[in-house]
Amino acid sequence: MRQERARQTRRALLQAAATEFDLHGYEGTSLARISRTAGVTLGALTFHFPSKAALADAVRSEGAALTGAAVPEASGGGRRLDPGVGGLIDLLARLLDEEPSVRAAARLSWEQPDSAGNWHAAWGPELRDRLARERSAGPAGTAPVLDEVDLETLAQCLVAGSAALRRGIVPLGGAGPAAPEEVRRRLRRLWRHATATELNQPSAPNI
C-alpha cells in the first residue's frame, strides 16, 4: 500500500511538473508551484525529487522516452504511418499537441540544450535516416532544391514551429492557438513544397 501511494505521488508530481515546465519554462517554474498543482506537500516533493533540476531531468527523460517509443511505430510498427520525413514531422507535431511531457521535454531541451536527455536525441537519428533514404530513392538525374543539411534544419524548424503555433506564439490566420489538424496540414504542405526535386516542378497537391 505504501509503495503504491509513493508511486502515485511520483506520477502526480511528474504530471504536474510537465504541465508547469510546458507553460512556464524552467526559470518560470518553482517547486512550490509544482507541489500545489500536484496537490502534495513540498516535503513530499523533495522526498522524491531533491531539486528542481532533478525533476526537470525526470520530465525530460519521460518525454524523450515516450517520443523514442513512438518513432519506430511511424517507421514500421503496427500502425504503419507515413515512413517518410513528412510522416515523422507529423508524428512529432501530434505528440507535441497531445502529450504534456513531450511538450515539456521539448521546451526544456530548447532552453537547456546541453542538459542530459535532450529531447532531440530521441528523434534526430531517425530524421537523418529518413532524409538519407528519401534522397537515395529520388528519381535518377534529379536533385533536391535543398541539400541534406538544409532539409534537416527545415524539418527541425517545422517541428519547433508546430509547438509555437499551438501555443499561439505565432498566430495562424488570426490570433490564438491553431487547431492541431490545421497545424499538421500546413506542416505537410510546407514539407512537400520544400522537397520538390526541381525549382520548376510543382509540388504535390494540397490535402
Side-chain angles (χ1 to χ4, degrees), residues 7-26 28-29 33-40 45 48-49 52-113 115-127 130 155-170 172 176-188 191:
R7 187 193 67 79
Q8 291 175 355
T9 298
R10 181 181 175 86
R11 169 51 36 198
L13 287 167
L14 284 171
Q15 290 174 341
T19 298
E20 296 299 329
F21 285 133
D22 170 38
L23 294 174
H24 307 292
Y26 185 82
T29 297
R33 182 194 290 270
I34 292 171
S35 69
R36 285 195 301 271
T37 301
V40 303
L45 185 157
H48 289 277
F49 302 99
K52 184 168 74 168
L55 191 46
D57 286 343
V59 169
R60 210 169 11 238
S61 295
E62 182 173 276
L66 196 157
T67 302
V71 165
E73 177 181 282
S75 60
R79 291 174 66 179
R80 194 60 183 173
L81 303 179
D82 178 0
V85 175
L88 179 61
I89 294 171
D90 190 74
L91 171 70
L92 294 169
R94 177 171 60 81
L95 288 172
L96 284 166
D97 180 64
E98 297 175 356
E99 299 291 343
S101 65
V102 172
R103 291 196 299 273
R107 180 164 183 169
L108 289 168
S109 295
W110 290 325
E111 292 180 351
Q112 303 171 324
S115 297
N118 190 289
W119 180 66
H120 299 88
W123 54 274
E126 178 70 14
L127 169 62
R130 293 187 189 208
Q156 292 171 341
C157 288
L158 289 176
V159 171
S162 73
L165 286 167
R166 283 294 291 129
R167 291 177 189 276
I169 297 172
V170 179
L172 181 63
E181 183 50 44
E182 177 63 11
V183 170
R184 295 199 292 271
R185 185 186 72 80
R186 287 176 180 264
L187 293 181
R188 291 193 295 268
W191 184 255

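These figures come from a predicted structure and were not determined experimentally.
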Exercise. When rounded to the nearest 0.5 angstrom, what is the spacing between NE2 in His120 and CG in Leu92?
Worked result: 9.5 Å
For this session: Please identify each residue that fulfils side chain to side chain contact (heavy atoms under 4.5 Å, CB included) with Ala54, with sequence neighbours left out.
Result: Pro50, Ser51
Problem set entry | Nearest heavy-atom neighbours spanning Leu91 and Ala70 | CD2-O, 3.6 Å
For this session: Would you confirm whether Glu62, through its side chain, and Leu14, through its main-chain N or O, come within 3.5 Å as a donor-acceptor pair?
Result: no
For this session: Taking side chain to side chain contact (heavy atoms under 4.5 Å, CB included) as the test, write out the residues that go with Ala122, two or more places apart.
Result: Ala64, Thr67
Exercise. Atom CZ in Phe49, atom CG in Asp57: separation rounded to 0.5 Å?
Worked result: 10.5 Å
Seminar exercise, completed: Smallest heavy-atom separation, Phe21 atom then Lys52 atom, equals CZ-CG, 4.0 Å
For this session: Calculate, to the nearest 0.5 Å, the distance between atoms CZ and CG belonging to Arg107 and Leu23 respectively.
Result: 8.0 Å
For this session: Not counting sequence neighbours, which residues clear side chain to side chain donor-acceptor pair (under 3.5 Å) with Thr37? List them please.
Result: Glu20
Problem set entry | Euclidean distance, Asp90 CG relative to Leu187 CG, rounded to 0.5 Å | 8.0 Å
Problem set entry | Closest approach of Gly63 to Val102 (non-hydrogen atoms, all atoms of both residues) | O-CG2, 3.9 Å
Problem set entry | Set of side chain to side chain donor-acceptor pair (under 3.5 Å) partners for Arg184, sequence neighbours left out | Glu181
Problem set entry | Nearest-0.5 Å distance that lies between atom CG in Asn118 and atom OG in Ser61 | 11.0 Å
For this session: Check side chain to side chain donor-acceptor pair (under 3.5 Å) between Glu99 and all other residues, then give those that pass, not counting sequence neighbours.
Result: none
Problem set entry | Gap separating the CG atom of Leu45 from the CG atom of Leu55, nearest 0.5 angstrom | 6.0 Å
Problem set entry | Pairs involving residues 156-165, ordered by first then second residue, that meet salt bridge (Lys or Arg N to Asp or Glu O under 4.0 Å) (sequence neighbours left out) | none
Problem set entry | Partner residues of Gln112 under the side chain to side chain donor-acceptor pair (under 3.5 Å) criterion, sequence neighbours left out | Arg60
Exercise. Does the pair Val71 and Leu88 meet the rule for a side chain to side chain contact (heavy atoms under 4.5 Å, CB included), with working shown?
Worked result: CA-CA 7 Å; Val71 165; Leu88 179 61; 4.0 Å; yes
Problem set entry | side chain to side chain contact (heavy atoms under 4.5 Å, CB included) partners for Gln156, two or more places apart | Trp123, Leu127, Glu152
Problem set entry | side chain to side chain contact (heavy atoms under 4.5 Å, CB included) partners for Ala106, two or more places apart | Leu96, Trp110, Trp119
